[in-house]
Amino acid sequence: MTETEKNLNLNTTASAGSQPLFQAALNRHIITKAKPKLVHHQFGQPTKIPSGKTKTVTWDKMNPLPKAKTPLTEGVTPKGTAINISRITDTPKQYGAYVSTTDEFDFYKNDPSPELLRLNEILADNAGETQDSLTADVLASGTNVQYAGGKNSRSELTEADVMTVEEIRKAVRTLKNNKANPIGRDFVAIVDPDVAFDLMSDDAWEKVKTYCDPKDMYSGEIGRLYGVRFVETTEAKVFRGEDLATDKSELLVAKIDGAKLYVADTLTQEEAAALSGRTIVVNGFLYTVSSATAGENGEAYLTCSEAISESVKAGMRVYPGEGTANGKPVHATLVIGRDAYGVTDPKANLETIVKALGSAGSADPLNQRGTIGWKCHHLAKILVDEYMVRIESVATAD
């Protein structure tokens, strides 16, 4: 075997890191698998992070020209109109996550092994959901808000204030009056499954196959109403209450034992103390936390005032239960026009990082541990608030 052939070999358990062809294959794989999760990204004005220069990202917004309603005078050149350009800049932040493996895990074969690809798919889901959720958080800070049922604030919403076709039509009217352009022929609405359920029973609902060729579908597209194409994602913003723990808007169920709900997260003593008396929602059930016990992942638990339903299973999400609409979570539906916001292009910087067994040197003297993870820079920025309407409502499923 020549030296060139050796250089193209994939990792073995003695490799210090992944080889170039192997790394490229994993990068393509994670981007392909993460793309369906990036529902919000597909409607943002994309930009790439400059390589080797600066991390600052810039979008240029050209403001409309005033109407030229003064008649021209024969033979006289009129005064020109200045173009008003607003420059919007910001700096992306870096995000990432990884999982550890042991020497029992068969990483490296002639091609990326099935085990490694499965791990890469899980990481791709995590990367896509993380970025989509980050974008949703930014877009939920927009100032162009419409509260369902004609209410004036989030706190006024009640159980009756669910999403309706009338709310969608109002949002479209607002966008048209703001001179927002549609994305293609239609505006786009980003909804979560609970809001989608409330809309899809309407007689005016159009199924995707009746108006769209499959190759032209958006990721997550589910239907159309009155010139608005709807895409669905579980990462659409839902206002539920204060975080349950530091930087944790939700917790994951590890297991249940009577009134004890063990979480797949680490809770500090301070976080556990703050959870006492809080209300939580899991699988549609509302519980009051009597006390919480600190501990590592899988050992920390919440003791509720009553036994947990047997329908609550490991992997389900635990959310704050206070909400801001008489205990009900508030769902944000975004109805958007073209160029309402900008996003960094995930294809340009999302990467898989593999650290093979033994790559830690003396920190792993017996070549027992390896890791695989993802890393990227991300930034989302509202460019024109008037081109996006956030409808806040409750849902019948809550």
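Owing to the predicted nature of the structure, the values given are computational and were not obtained by experimental measurement. Only heavy atoms go into these numbers, but all of them, side chains included; no hydrogens, no water, no symmetry mates.
Residues V335 and V188 do not share a hydrophobic cluster, clusters being chains of Ile/Leu/Val/Met/Phe/Trp/Tyr side chains in contact below 4.5 Å. Neither L275 nor Y262 shares a network with the other; the hydrophobic side chains, linked directly or stepwise wherever heavy atoms of I, L, V, M, F, W or Y lie under 4.5 Å apart, form separate groups for each.
Note that CD of Q45 and CG of D60 are 9.0 Å apart. Values are rounded to the nearest 0.5 Å. Once rounded to the nearest 0.5 Å, the distance linking OG of S141 with CG of D385 reads 7.5 Å. To the nearest 0.5 Å, atoms NZ (K215) and CG (D213) are separated by 4.5 Å. Expressed to the nearest 0.5 Å, how far CG of D194 lies from NE2 of H331 amounts to 5.0 Å. If you take CE on M388 and OG1 on T143, they are separated by 8.0 Å, rounding to the nearest 0.5 Å. We find the CZ-OG1 distance between R224 and T210 to be 7.0 Å, quoted to the nearest 0.5 Å.
Side-chain atoms of D345 and T47 form no donor-acceptor pair, as typed in the model, at a separation below 3.5 Å. Using modelled atom types, one finds a donor on one side chain and an acceptor on the other under 3.5 Å when comparing D198 with T396. With hydrogens and angles left out, the side-chain atoms of Q146 and E167 include a donor and acceptor closer than 3.5 Å. Counted by atom type alone, T135 and H378 present one or more donor-acceptor pairs between their side chains at under 3.5 Å.
Between K151 and D161, the closest heavy-atom pair is NZ-OD2, 2.7 Å. What you find for N178 and E386 is that their closest heavy atoms are ND2-O, 3.0 Å. Of all non-hydrogen atoms in D216 and R229, the two that sit nearest each other are O-NH2, 3.2 Å. Smallest separation of non-hydrogen atoms from L157 and A148: CD2-O, 3.5 Å. Pairing each heavy atom of I382 with each of V138, the nearest pair is CD1-O, 3.6 Å. Of all the heavy atoms in T233 and D132, the pair that sits closest is OG1-OD2, 3.5 Å.
Dense packing is recorded around CD of E206, with more than 12 heavy atoms of other residues, nucleotides or ligands lying under 6.0 Å away. Annotation for Q94: atom CD counts as buried by contact number, over 12 foreign heavy atoms lying within 6.0 Å.
A salt bridge does not link D265 with K248: every distance from a Lys NZ or Arg NE/NH1/NH2 to an Asp or Glu carboxylate oxygen is 4.0 Å or more. For the pair R154 and E156, the salt-bridge criterion is not met [side-chain N within less than 4.0 Å of a carboxylate O]. Ion pair R278/E322 flagged as a salt bridge, since at least one NZ, NE, NH1 or NH2 atom sits closer than 4.0 Å to an Asp/Glu carboxylate oxygen. Classification of E121 and R118 as a salt-bridged pair fails, no side-chain N sitting under 4.0 Å from a carboxylate O.
For the ring pair (Phe, Tyr, Trp, His ring centres under 6.0 Å) test, no residue two or more places apart in sequence or in another chain qualifies with H377. Partners of K381 by salt bridge (charged side-chain N to carboxylate O under 4.0 Å, His left out), not counting sequence neighbours, listed by chain and number: D90.
Two residues are said to be in side-chain contact when any heavy atoms from C-beta on lie closer than 4.5 Å; V263 and L252 fail this criterion. Between R173 and K170 there is a side-chain heavy-atom pair separated by less than 4.5 Å. Between I190 and T333, every side-chain heavy-atom pair lies at or beyond the 4.5 Å cut-off. For the pair V318 and L244, the minimum side-chain heavy-atom distance is below 4.5 Å. A heavy-atom distance below 4.5 Å is found between the side chains of W205 and L199. Contact annotation: the side chain of L302 never approaches that of K260 to less than 4.5 Å [non-hydrogen atoms, C-beta and beyond]. Contact of the F187 side chain with the I336 side chain is not registered, since no non-hydrogen atoms from C-beta on lie closer than 4.5 Å. Looking only at side-chain heavy atoms (C-beta outward), L261 and V253 come within less than 4.5 Å of each other.
Checked options E235, E129, E232; the residue passing with K37 is E129 (criterion: salt bridge (charged side-chain N to carboxylate O under 4.0 Å, His left out)). Considering N126, L119, I122 in turn, L119 is the only one that fulfils the side chain to side chain contact (heavy atoms under 4.5 Å, CB included) rule with V99.
For the ring pair (Phe, Tyr, Trp, His ring centres under 6.0 Å) condition, no pair includes a residue of residues 58-101, sequence neighbours left out.
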Under the side chain to side chain contact (heavy atoms under 4.5 Å, CB included) criterion, do V162 and S393 qualify, and how do the steps go? CA-CA 5 Å; V162 299; S393 68; 5.7 Å; no

Does the pair V238 and V330 meet the rule for a side chain to side chain contact (heavy atoms under 4.5 Å, CB included), with working shown? CA-CA 6 Å; V238 179; V330 175; over 6 Å; no

Might you work through the side chain to side chain contact (heavy atoms under 4.5 Å, CB included) test for K237 and L139, ending with a clear yes or no? CA-CA 9 Å; K237 183 68 175 179; L139 301 185; over 6 Å; no

Give the C-alpha distance, both sets of side-chain angles, the deciding distance and a yes or no for side chain to side chain contact (heavy atoms under 4.5 Å, CB included) between V289 and I280. CA-CA 7 Å; V289 179; I280 60 171; 3.9 Å; yes

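Ring centers of Y218 and F43: under 6.0 Å apart, within the cut-off.
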